[in-house]
Protein chains: 2
Amino acid sequence: MSQMEQKTAGVPTLKRLPLYLRLLRRMKENGDEYASGTVVAKELGLDPIVVRKDLAITGAVGRPRLGFPMDEIIEAIEEFLGWSNTTDAFLVGVGNMGRALLGYQGFEQHGMRIVAAFDSSPEIIGTKVHGKTILDIETMPALAKRMHVQIGVITVTASVAQDVANAMIEGGIRGIWNFTPTSLDVPKHVILQREELASSLAVLSHRLLLEGSAD
Amino acid sequence: MSQMEQKTAGVPTLKRLPLYLRLLRRMKENGDEYASGTVVAKELGLDPIVVRKDLAITGAVGRPRLGFPMDEIIEAIEEFLGWSNTTDAFLVGVGNMGRALLGYQGFEQHGMRIVAAFDSSPEIIGTKVHGKTILDIETMPALAKRMHVQIGVITVTASVAQDVANAMIEGGIRGIWNFTPTSLDVPKHVILQREELASSLAVLSHRLLLEGSAD
DNA sequence: TAGATTGTTAATCGATTAACAATC
DNA sequence: TAGATTGTTAATCGATTAACAATC
């Protein structure tokens, strides 16, 4: 229906939008009918101007003095992120991290549903993890193609991550969420999102160091 | 011994340093004696100028035509991040994510060692997870103080995250790595690092949306 | 009206990108 | 010497911060 042009946003803005969304949903549960950028900013410890700009990019229109009507602003963020409908995902690699992600209930509120999980180990294939039967990795590309799966989550050992990525691409997967410390090579139409725990730790470590030496 | 001033770096640089470090360690294993910014950049898909600037900030000095002596550059990065000695950490909340992190072997190569894990559930306390006995959360602050633990990893349910953070601060913990979707309130001398899976998913989702609508 | 908030325009800051001299 | 690479200086780009008019 809406033929409107999808605007593009910078990465920092995109990363903050889910924080707003989570808070706004909670405020809605509490019965609030409007949300002002000021309140959102204070609640999340952000600058109000940042929040206002971020919300503006979603196309939502606020009312001076009141803020944004709750349903409109929530829908605007969901629409902007493509979270109005959840996208199907496959997960490959049922180790520690894979199990944790399979058990995490929150993804559906963030636009993604893990519809199947795969592994290569005969001991794991066929077992159930968090209610999902683990399938043979060999069957993954064909199944991805048939089900038009868009997102692939990689939680295997670093050494086989590239092979798994290749298989996902063969299956028509367009977005890869990589939890391994491997730099993947993919065609440029495939979108890569790397989850790098070491990077977070580096930021934390460096700040601890500075803080400690400030005495 | 070295009285030198610790330089400060921007967040983007800090996040890239672990990628360099991992690659350089692998190159060293392979017997390489020098590493040039050019090679590192190509291997990781980054701009060579970015790599050069990032490496410069660690204080390492390269040789024109050759690059950086392997041992010197590795040590410079480790030193800069405070990863020459591993820092002790406590983990609180042995659910899906907590278990995954306890099972992850890689943290010690990134400056952190989880020396104990805690939970509040009587069914879990006393059991072993990945070889570590789970302790009662009630004992955590005193133990943190006694052991001078610096880092606290929070993997509990969102609703109790603030309580756990408070207990950690009571125990003298200076850096908190928060895996829950809760905005924590902490004194300003405490360093917060939030791990927000929804943010990564937002970036991926938005790009999928743009790519898809480009047809 | 008075006042809080939106939305926009301008200024600042920091990161990335570009250009190039110095060096082994 | 020739050539690849470092290290530095300048230019560009984008994000954050500041200022302020418009509005209900």
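The interatomic distance linking B:L66 (CG) with D:dG3 (P) rounds to 17 Å, in whole Å. Computed from coordinates, the A:I73 CD1 to C:dG7 C1' distance equals 13 Å when rounded to whole Å. Look at CD1 on A:I57: it is 14 Å from C1' on D:dT16, rounded to the nearest Å. We find that CG of B:L14 is positioned 15 Å from P of C:dG14, with the value rounded to whole Å.
Aromatic ring orientation, A:W177 versus A:F179: tilted (interplanar angle from 30° to 60°). The aromatic rings of A:W83 and A:H110 sit perpendicular to each other, their planes meeting at more than 60°, with 30° as the lower class boundary.
Comparing A:R16 and A:P64 by the nucleotide of DNA chain D that holds the closest heavy atom to each, the one mapping nearer the 5' end is A:R16. Nearest-nucleotide mapping onto DNA chain D: of A:G10 and A:R63, the residue sitting toward the 5' end is A:G10. Residue whose closest nucleotide on DNA chain C sits further toward the 5' end, between B:A9 and A:G67: A:G67.
Around CG of B:N85, the count of heavy atoms belonging to other residues, nucleotides or ligands within 6.0 Å does not exceed 12. Under a cut-off of 6.0 angstrom, the local environment of NZ in A:K132 is crowded, with over 12 non-hydrogen atoms contributed by other residues, nucleotides or ligands.
Under the 4.0 Å criterion applied to side-chain N and carboxylate O atoms, A:E196 and B:R16 are not assigned as salt-bridge partners. Classification of B:E78 and B:R25 as a salt-bridged pair holds, one side-chain N sitting under 4.0 Å from a carboxylate O.
Considering only the side chain of B:V50, C:dT17 comes nearest among C:dT17, C:dC24, D:dG7. When each of D:dT23, C:dC20, C:dT17 is scored by its nearest atom to the side-chain atoms of B:I49, the top-ranked nucleotide is C:dT17. With C:dT16, D:dT17, C:dG3 as the candidates, the nucleotide lying closest to the side chain of B:P12 is C:dT16. Distances were taken from every side-chain heavy atom of A:V61 (C-beta onward) to each of C:dG7, D:dT17, D:dG7; the shortest belongs to C:dG7.
Remark: C:dT17 base-pairs with D:dA10. Criterion, Watson-Crick or G-U wobble with two distances under 3.5 Å. With a cut-off of 3.5 Å on both Watson-Crick or G-U wobble distances, the partner of D:dT23 is given as C:dA4.
A donor-acceptor contact under 3.5 Å is formed by the side chain of B:K53 with the base of C:dT17.
Annotation: proximity of residues 26-45 of chain A to DNA chain C (heavy atom, distance under 4.0 Å) is found for A:S36, A:G37, A:T38, numbered in ascending order.
Under 4.0 angstrom from either OP1 or OP2 of D:dA19 there lies no side-chain N or O belonging to A:R52. Using a 4.0 Å cut-off, no side-chain N or O of B:R65 falls inside it from OP1 or OP2 of D:dG7.
With rounding to the nearest 0.5 Å, the separation of CG in A:L14 from CG in B:L201 is 11.5 Å.
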